[in-house]
Amino acid sequence: MHRLLIFSIMFCISYGQEARPHPPKITTPDVEERIYYKINDEVILACQAEANPKAQYEWTKDNEAITSDFIKQDPNTGELQIATLTRRETGAYQCFASNQIGSKTIKAMSPIITVDLAYLESWDETGLPPPRISAIEGEAVQLTCDNVPACNPPGQFKWYQGDDDSSEVVQNERIAIDAEGTLHFVYVTKSDDLNGKKYQCAIFNRHLNSINLGSGKILEVTKLNPIPDRAPSVLYSKSNQKALIGHYVDIECIFGGKPIPAISWKNNELELITGSSTDKYEFMDTSRRVLRVKNIQESDEGSFTCEGANTQTNSAITALNVTSRPIWEKALSSITVAATKEASMTCQAKSVIRENPPGPPEWFENGASIPNDKFESGKYVFSDNQQILKVTDLVKPDDTTCFQCKVTNSEGFRFGDGCLDVIEPIVITLRPPAVQEITKGDIVNLTVIAETNSPFEIRYKWFFNNQTYDDMPPFVIFNDTSKSAYINTEDLSFENYRKINGTYIRMVYNAHETINITVQVVLKEVAVVGPATAAAPDLWWIALIIGILLLVCVIVIICVVCRRKAQEGVYPLDKKERANDLDPEKDLADSGFHDLSRADDNGMEKKGTPLQFTEEPLSYEDDDSLAEYGDGEDMGKFNEDGSFIGVYMDKKQPAPPVRNGNETQI
Ligand SMILES: *[C@@H]1O[C@H](CO)[C@@H](O)[C@H](O)[C@H]1NC(C)=O
Ligand SMILES: *[C@@H]1O[C@H](CO)[C@@H](O)[C@H](O)[C@H]1NC(C)=O
Ligand SMILES: *[C@@H]1O[C@H](CO)[C@@H](O)[C@H](O)[C@H]1NC(C)=O
Ligand SMILES: *[C@@H]1O[C@H](CO)[C@@H](O)[C@H](O)[C@H]1NC(C)=O
Ligand SMILES: *[C@@H]1O[C@H](CO)[C@@H](O)[C@H](O)[C@H]1NC(C)=O
Ligand SMILES: *[C@@H]1O[C@H](CO)[C@@H](O)[C@H](O)[C@H]1NC(C)=O
């Protein structure tokens, strides 16, 4: 039963997502690619998109609609078919997936697939006898590979010796073939002379797995005894070479000389390259003639030096020019944004350092140029050198659309595609007051109620004073039935009550939208106590001084009266007189001043019970709570019913009970 329920909920959710109309999202092809085919091959290109309603497909070739009878395409499946490929059908293919949302046709464009033909042409028959090359033993010799036929993709060179096609020349310390096909002998020996038979250059096409042999060359070597030593000479090196970011590059250096020069390399930082393979560098042969620089970065730009050393040394320098088509900093991509908000489509690319940056991107909407009135009306706004296209004040479904951008620099271009999907926004139907001034006993209202018609589930998160709370900030109560959130300050202890002020944020969000509801909670009383506390010491001193003066007066008066009584007979001072007229402490207390128990410290007479302002003796929660508001004196506190009892100004407090007359011994 439970499982059935879960299943049906999951079905509803996935069905809900699926059923929502949304722009096509092309899943195949997903990256740009160059594919080599053989002549007359059948070519099938697939295009697939997730879309609702279902996408229709159309391919373009070299940015134009396809009209050729030799290229077939199915608008429903997205498949393109070339029955037999010829050079005519090669080119840059791009797929459009389109559907209808609202009244508009939305088109997403795929990355570019380049259909290329792999071929290897034959060598021209010159009809001439093979050229003869003469050399003396110990000399460096080069046999060039001439009239090389066209080969796509670029082929690999090999050399064969004799009439036998199967005897390939093996490269070793003394024999090397360079990137352009030349066969080098670091120094020749008589054994390299094939007695009138020829060396034959060949080119190998790996895609076709075929090899074509060219006309050959005859090498005649004159014997010499002994073979003299020769200083290193540079037989092959390129003064500069292009390297593409992210790819690798092979730098090659071939030295002639006898004994065979040992080769060492320094990188662009003039550091000796050691080890035969690291993350960055690898020697492609044991003689270290070919250095591979891997994962090219801008930092690899600079001069690489190769040195050949036998008894003497020689060196060659290759300047590596690191370059690239535009490099994405932020490629255009699909986004989902709630209506009423604004969307930023970004198409941001750079060139490598020290090269001209790409021009501003060219933008397209649904495969066509964007009509100018969109910009004139302020609906679309360019910024950041046209790298950002803002769509303002989104409307569903009118603003659901796809954009394309093209960024170009000296090395080529890059193409981006991204769709804007506009969904129903989250609507806050109930939000609490943004600033709440609270008195102890009040309710802090933190109730937020949000709704949406979009299929994306609304979630909530709390923040309080920059802290994230997965459940709830301290003291917040959440009623799951009424969805209300609040703090009941009545139930809080004084200490906890003081902790609730600050900023509460209720983050209301779904997969595509975030709304922050902020509530500032300010405690009213805490603000009142502050200044009063500051004023207290002055009043206290004044009270003390007046008190002392009054006491002295009273004592003087009493002494005078006593002496007179002693002379005239005893007259007892009646209680009423003492309480109402002659008690200075009471006068002070009535006028809002402190008790005078402090006088004890000054060596004055002992007083009775300190002044109290409530019926019951006060009990403080702890010493800390007092410390913040004064130095331990009776300055006021919160009553149990939450009302605050101030000591300084409140004249309406019941008159403090005055110590009994019999407590004071005068
Ligand atoms: C590197 O190549 C680029 C593109 O071909 C060129 O514009 C630039 O001047 C070259 N840089 C150097 C240092 O040769
Ligand atoms: C919280 O505030 C909202 C909006 O001011 C109000 O509608 C709601 O009734 C309040 N809730 C409580 C529990 O006071
Ligand atoms: C929260 O963070 C902001 C920004 O970092 C800061 O200005 C503010 O004072 C912080 N508030 C609290 C209560 O820590
Ligand atoms: C939660 O709210 C409902 C409806 O307003 C109310 O009936 C219920 O008593 C509340 N529950 C608690 C624990 O406060
Ligand atoms: C809370 O109030 C106290 C006292 O007024 C103040 O010092 C403190 O900064 C406040 N805290 C926050 C987070 O606002
Ligand atoms: C919402 O508030 C949180 C916490 O302060 C913050 O991390 C987030 O970026 C805010 N989101 C928005 C959209 O303002």
Side-chain angles (χ1 to χ4, degrees), residues 154 179 237-252 266-270 293 295-305 316-328 349-359 407-414 426-451 458 460 462 464 471-492 497 500-508 515-524 642:
S237 168
K238 278 178 155 173
S239 58
N240 55 66
Q241 209 167 334
K242 240 184 213 188
L244 297 178
I245 294 267
H247 292 73
Y248 66 78
V249 70
D250 288 342
I251 312 175
E252 194 172 4
K266 284 191 185 130
N267 68 9
N268 54 338
E269 314 268 73
L270 298 177
V293 186
N295 185 23
I296 293 290
Q297 300 300 321
E298 286 173 341
S299 56
D300 294 318
E301 184 154 286
S303 294
F304 283 71
T305 310
I317 292 174
T318 299
L320 209 58
N321 181 353
V322 174
T323 188
S324 175
R325 290 190 295 161
I327 302 160
W328 286 127
K350 60 171 186 178
S351 292
V352 299
I353 196 163
R354 289 186 292 274
E355 285 182 18
N356 290 333
V407 202
T408 311
N409 72 3
S410 62
E411 298 302 296
F413 71 88
R414 260 180 222 280
I426 296 174
V427 179
I428 306 294
T429 53
L430 188 69
R431 65 168 77 215
V435 178
Q436 297 182 28
E437 294 194 346
I438 297 299
T439 308
K440 181 111 171 32
D442 287 352
I443 298 279
V444 179
N445 183 347
L446 298 168
T447 305
V448 171
I449 296 183
E451 289 170 1
I458 296 180
Y460 297 87
W462 284 102
F464 172 52
D471 46 356
M472 239 145 338
F475 317 119
V476 174
I477 296 162
F478 184 71
N479 184 329
D480 217 21
T481 320
S482 60
K483 301 291 171 203
S484 60
Y486 58 92
I487 300 172
N488 186 349
T489 61
E490 198 164 8
D491 298 344
L492 296 182
Y497 171 67
I500 66 161
N501 66 325
T503 307
Y504 292 81
I505 298 175
R506 193 89 193 270
M507 189 163 106
V508 184
I515 298 173
N516 277 352
I517 312 286
T518 302
V519 175
Q520 190 82 38
V521 173
V522 183
L523 304 186
K524 266 200 277 186

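Being a predicted model, the structure only gives us computed values, none of them experimental. If you read the sequence from its start, that first residue is 1, and numbering goes on from there. One-based numbering, in listed order, for ligands and for the atoms of each.
Only side-chain heavy atoms of Lys242 come within less than 4.0 Å of ligand 1; its backbone N, CA, C and O stay farther off. Of all the heavy atoms of Thr447, none lies under 4.0 Å from any atom of ligand 2, so neither backbone nor side chain is involved. With a 4.0 Å cut-off on non-hydrogen atoms, Ile443 does not touch ligand 2 at all.
Taking every non-hydrogen atom of Ser482 and a distance limit under 4.0 Å, the qualifying atoms of ligand 4 come out as 1 (C), 2 (O), 4 (C), 5 (O). In the vicinity of Arg431, heavy-atom distances shorter than 4.0 Å reach the ligand 2 atoms 4 (C), 5 (O). Within ligand 2, the atoms closer than 4.0 Å to a non-hydrogen atom of Leu430 are 3 (C), 7 (O), numbered from 1 in the order shown.
The shell of residues lying under 4.0 angstrom from ligand 1, judged by heavy atoms, excludes Glu301. Using a 4.0 Å heavy-atom cutoff, Pro433 is listed among the residues neighbouring ligand 2.
In this structure, Trp462 and Met507 have side chains that are not in contact, with every pair of non-hydrogen atoms separated by 4.5 Å or more. Looking only at side-chain heavy atoms (C-beta outward), Asn267 and Phe304 come within less than 4.5 Å of each other. Inter-residue side-chain proximity for Ile487 and Leu446 is flagged as met; some heavy-atom pair is nearer than 4.5 Å.
Of the residues listed (Ile296, Leu320, Val322), the one engaging Glu301 in a side-chain contact (heavy atoms from CB on, under 4.5 Å) is Val322, and it is the only one.
Checking side-chain atoms of Thr408 against main-chain N and O of Phe413 turns up no donor-acceptor pair under 3.5 Å. Side chain of Thr447 to main chain of Ala485: a donor-acceptor pair is present (N/O by atom type, distance under 3.5 Å, no hydrogens or angles). Distance alone, capped at 3.5 Å, places no donor-acceptor pair between the Asp300 side chain and the Ile245 backbone.
For ligand 1, one of its N or O atoms has an N or O atom of Glu411 under 3.5 Å away.
Of the protein's heavy atoms, Asn321 ND2, 3.4 Å lies nearest to atom 14 (O) of ligand 1. Asn445 ND2, 4.4 Å is the protein heavy atom nearest to atom 13 (C) of ligand 2. The closest protein non-hydrogen atom to atom 2 (O) of ligand 4 is Asn479 ND2, 2.3 Å.
Atom 9 (O) of ligand 2 is not flagged as protein-proximal [any protein heavy atom, distance under 4.0 Å]. The presence of a protein heavy atom under 4.0 Å from atom 5 (O) of ligand 1 is confirmed.
The heavy-atom pair separating Val519 from Pro432 by the smallest distance is CG2-CG, 3.5 Å.
The aromatic rings of Tyr504 and Phe464 lie parallel to each other, their planes meeting at an angle below 30°, with 60° marking the opposite boundary.
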